[in-house]
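These notes concern the structure reproduced below.
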2 protein chains.
Amino acid sequence: MATSAAAVLPALPATHPCHGCAARELALCGVLQEGELATFKSLGGHQQMSPGQPLFHEGDPTTQVFNITRGSLKIYKLLPDGRRQVMGFMFPGDFLGISISDEHAFTAEALEPTHMCRFARNRFDDFVEERPDMERRLYSLAAHELAAAQAQMVLLGRKSAAERLASFFLDLAQRAERLGRAPVTAIDLPMSRLDIADYLGLTKETVSRVLAQLKQKRLIRLVTLNRIEILDREGLDAIAQGLTDN
Amino acid sequence: MATSAAAVLPALPATHPCHGCAARELALCGVLQEGELATFKSLGGHQQMSPGQPLFHEGDPTTQVFNITRGSLKIYKLLPDGRRQVMGFMFPGDFLGISISDEHAFTAEALEPTHMCRFARNRFDDFVEERPDMERRLYSLAAHELAAAQAQMVLLGRKSAAERLASFFLDLAQRAERLGRAPVTAIDLPMSRLDIADYLGLTKETVSRVLAQLKQKRLIRLVTLNRIEILDREGLDAIAQGLTDN
DNA sequence: CGCGTGCTTGACCAATGTCAAGTATGGTGG
DNA sequence: CCACCATACTTGACATTGGTCAAGCACGCG
């Protein structure tokens, strides 16, 4: 879900306001490399958030576009009675708030201290308008998110609890690798067990129990409560794809 | 899922090769209204399919783009062990095969005798390239499909069997209304119970049982096996949104 | 070091899945 | 036009997975 748009980007000094901002890839912050900081400031600015702080709610007007530079968020929808479905987790490089509708389709909430670049939506739209290749990039972005959403539909509709957890961990590992460009064996879980449960269509108790099973089978290890180490990636893979019988 | 791109289109004679073809909306068949049939023929042609016949399989190269003019299809993904998730159903006006990847992400199979316009993918791409507004339309299409996919994630992750069925019927009714532009009380179900089950993440037995419950509560009626009448739309709506307690 | 929150574990329960008959529908051929 | 057949649908009995409710534990913060 919500796949990263971050390709390999040219290095930018860590002090640069758009360091780690994948909007560069969209040629937005590319401008900035030329030193035109004024352009960036006219487009938006920066923002920081604390854990649990909502960035926007489902139904809010889409007045801004965000690009995460540090930290993570969850995005979710609620049913009237409070049941929750987490649609995905957002990490550095991911875009938030790009929507064709003028209302956000979900709530976004920080999981940890999180930084992001912010752009006024109308200026962002103008900016997009000016660049012929921008529509294509946005389209490509949406197409990738659609593919991720469809994979999640398979998971939610047809996979067992263990298969869901295994798929989730492998997904996180792949995303970390895409960001960091090196094989990853340990994964941070900035979200709670309840968040994971609401993402995978389970309860937090089932998540705990399956975690215990995976641990006992020596497929993973809990480094800390919020960090797992993958001990047997092939094994996890087999479970994730439903090739093993439990 | 897979929302229709069909807006209100100018009438075209029923004998016209692109009658009912929403590609017109994409300015593709708009050309045809000027009588340039040659352009259409160079772009593609027509195709008919029988029930059960696959249009393409998951993993096939995306060499063609289709626009359904009559009938319906299901699109689905398979897990290695044969479990199936139906991603959606396609009706007249819907596009198929538009993908950023060069491989289809799912299998498409006709549910009934089905007609479609066909375009060579590279010609379609060229055509898109020439029109500045085409990218935007494709983007909008992808964005709507993404929204539908996310709604389905909520359904699959968090709704009960009865809520899923109710949501499904209302969805079909709305789609029929979008196509036909008149309130709809009876809905055709060109797909089997198993197809519905695989779409909603259930088994065919559960679909049957829930259908019996809804019938018994006088919310729906089976006109024939493959056609239901909605007797109480508010009641169905309440169930679909989880506002009722079973 | 102690406290609170979130995580884990256990016992039990409910919803849905599985397996197996039975039934009906609608298509076909006499 | 009717009867038969195949297939798909429905229904029933039972199994299973995951959910619920309730303790207990432990991590990490202060």
Side-chain angles (χ1 to χ4, degrees), chain A residues 50-52 74 79 81-86 111-113 155-168 188-216 220-228 239 242 244-246, chain B residues 50-52 74 79 81-85 111-113 155-166 168 188-216 220-228 239 242 244-246:
Chain A
S50 319
K74 61 186 171 198
L79 287 175
D81 65 354
R83 277 175 287 176
R84 195 175 66 142
Q85 178 67 39
V86 170
L111 294 170
E112 54 184 325
L155 181 147
L156 292 170
R158 286 292 174 237
K159 290 191 181 176
S160 72
E163 288 164 1
R164 294 179 198 206
L165 258 296
S167 302
F168 176 58
D188 275 310
L189 303 175
M191 67 294 285
S192 71
R193 298 293 189 266
L194 181 58
D195 290 333
I196 297 175
D198 283 348
Y199 179 56
L200 300 178
L202 301 169
T203 59
K204 60 186 193 307
E205 290 92 339
T206 298
V207 170
S208 258
R209 279 187 254 269
V210 172
L211 225 44
Q213 291 169 211
L214 296 178
K215 240 169 17 183
Q216 194 220 312
I220 62 167
R221 185 173 75 88
L222 286 194
V223 180
T224 71
L225 263 184
N226 295 305
R227 184 173 175 81
I228 63 160
I239 291 181
T244 181
D245 36 286
N246 78 90
Chain B
S50 317
K74 62 185 171 198
L79 287 175
D81 65 354
R83 275 174 288 176
R84 194 176 67 143
Q85 178 66 40
L111 294 170
E112 52 186 324
L155 181 147
L156 292 170
R158 286 293 173 238
K159 291 191 181 176
S160 72
E163 290 164 0
R164 294 179 198 205
L165 258 295
F168 176 59
D188 275 311
L189 303 174
M191 67 295 286
S192 70
R193 298 293 188 266
L194 181 58
D195 290 334
I196 297 175
D198 283 347
Y199 179 56
L200 300 177
L202 301 169
T203 59
K204 60 186 194 307
E205 290 92 340
T206 298
V207 169
S208 257
R209 278 187 255 268
V210 172
L211 225 45
Q213 291 170 211
L214 296 177
K215 241 169 14 183
Q216 193 219 314
I220 63 168
R221 186 174 74 89
L222 286 194
V223 180
T224 71
L225 264 184
N226 295 305
R227 185 174 175 80
I228 64 159
I239 291 181
T244 180
D245 35 285
N246 77 87

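As the structure is a computational prediction, the values presented were derived from the model and not from experiment. Every chain is numbered from 1 and lettered A, B, ... according to where its sequence line falls, protein lines coming before strand lines. Side chains are part of it too, since the values below use all heavy atoms of this structure and drop only hydrogens, waters and symmetry mates.
Rounded to an integer number of Å, the gap from Ile196(B) CD1 to dT10(D) C1' is 14 Å. We find that CD1 of Ile228(B) is positioned 12 Å from P of dT10(D), with the value rounded to whole Å. We find that CD of Glu112(B) is positioned 13 Å from P of dG27(C), with the value rounded to whole Å. Between Lys204(A) atom NZ and dC7(C) atom C1' there is a gap of 9 Å when expressed in whole angstrom units. Asp198(A) has its CG atom 12 Å from the P atom of dC7(C), to the nearest Å. Here the P atom of nucleotide dT16(C) and the CG atom of Leu156(B) are 13 Å apart, to the nearest Å. Atom CD of Gln213(B) is separated from atom P of dT11(D) by 11 Å (rounded to the nearest Å). In this structure, Leu165(B) atom CG and dC9(D) atom P are separated by 13 Å, rounded to whole Å.
Taken over five-pair windows at either terminus, the axes of the helix from dC1(C)-dG30(D) to dG30(C)-dC1(D) are inclined to one another by 40° (rounded to 10 degrees).
No donor-acceptor pair closer than 3.5 Å links the side chain of Arg158(B) to the backbone N or O of Arg83(A). Of the possible donor and acceptor atoms, none in the side chain of Arg193(A) sits under 3.5 Å from a partner among the backbone N and O of Glu205(A).
Contacts of Leu222(A) with the nucleic acid, taken as non-hydrogen atoms under 4.0 Å apart, involve only primed sugar atoms and P, OP1 or OP2. At the heavy-atom level, Ser192(A) lies under 4.0 Å from the strands shown only through sugar-phosphate atoms.
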Using a 4.0 Å heavy-atom cut-off to protein, can you give one letter per nucleotide of nucleotides 16-30 of chain D, 5' to 3': B if the base is in contact, S if only the sugar-phosphate is, - if neither? --SSBB-----SS--
Just do the side-chain contact (heavy atoms from CB on, under 4.5 Å) check on Asp195(B) and Arg84(B) with the steps written out, would you? CA-CA 9 Å; Asp195(B) 290 334; Arg84(B) 194 176 67 143; 2.8 Å; yes
CA sep, side-chain torsions, deciding dist, call: Leu214(A), Ile228(A), side-chain contact (heavy atoms from CB on, under 4.5 Å): CA-CA 11 Å; Leu214(A) 296 178; Ile228(A) 63 160; over 6 Å; no
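With rounding to the nearest 0.5 Å, the separation of CG in Leu211(A) from CG in Leu189(A) is 8.0 Å. A distance of 7.0 Å separates CD in Gln85(B) from CG in Asp198(B), rounded to the nearest 0.5 Å.
The shortest side-chain heavy-atom distance between Ser50(B) and Pro113(B) does not fall under the 4.5 Å cut-off.
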